[in-house]
Amino acid sequence: MDYYSSQITKLIEELSKLPGVGAKSAQRLAFHIVNMPKEQAKRLADTIMDAKNNVRYCKECFTLTDSECCPICRSQGRDHKTIMVVENTRDLAAYEKTGKFEGVYHVLHGAISPMQGIGPNDIKLKELMQRLQAEVKEVIIATNSSLEGETTAMYISKLIKPTGIKVSRIASGVPVGGDLEYIDEVTLLRALEGRVEL
Ligand code: ZN
């Protein structure tokens, strides 16, 4: 039986498709939205569409940005010869928050996972190798310490080794299976400083 108006049910359905939003939260959010002042609801809807229409991958590092090239890749002050490889944009944001990394990034958008059928061609690995045609001093692999993250790190290091470019892996101060975005800045910095050459 439909307890609510069909419009509310539709809204609850759409909201519950979002990650981490269960049926209860979806209901709560839906009622919250319906009770919002009209302008606020419109701003939310418009912001979602603007983001959807304008956000794309940076052509250099593949992070999400709203211009052709992200501010980090555009910056003259960054060391473009040191590339930190991360799994996703949230991990990039975590390192960026420490304010101590002066290089640039490469966002893979995933990690190799034979279990889930994700292979090297499903992440932005080819694009990383293309970037290495330019002058690069070091590639720091900062994938998560999960099985997938480690598999990806091994794979990348094997690919890069023959090029003679230095490859390093962030230290294992990062808890196993830990998602980089949940780790505090001190731990992240320690992991970066304690990186080991592969
Ligand atoms: Zn970029």
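One-based numbering, in listed order, for ligands and for the atoms of each.
Listed by chain and number, the residues in a ring-ring contact (aromatic ring centres under 6.0 Å, His included) with His109 are Tyr57 (sequence neighbours excluded). Under the side-chain contact (heavy atoms from CB on, under 4.5 Å) criterion, Ala26 pairs with Ile12, Leu15, Ser16, Val21, not counting sequence neighbours. Partners of Asp79 according to the side-chain hydrogen bond (donor to acceptor under 3.5 Å, both in side chains) rule, which considers only residues two or more places apart in sequence or in another chain, are Thr82.
The count of protein N, O or S atoms under 2.8 Å from the Zn ion (ligand 1) stands at 4, with waters excluded from the count.
When only modelled atom types and interatomic distance are considered, Ser67 and Arg74 share a side-chain donor-acceptor pair under 3.5 Å.
Nearest heavy-atom pair, Arg195 versus Glu138, reported as atom, atom and distance to 0.1 Å: NE-OE2, 2.8 Å.
Residues Met84 and Leu92 share a hydrophobic cluster, clusters being chains of Ile/Leu/Val/Met/Phe/Trp/Tyr side chains in contact below 4.5 Å.
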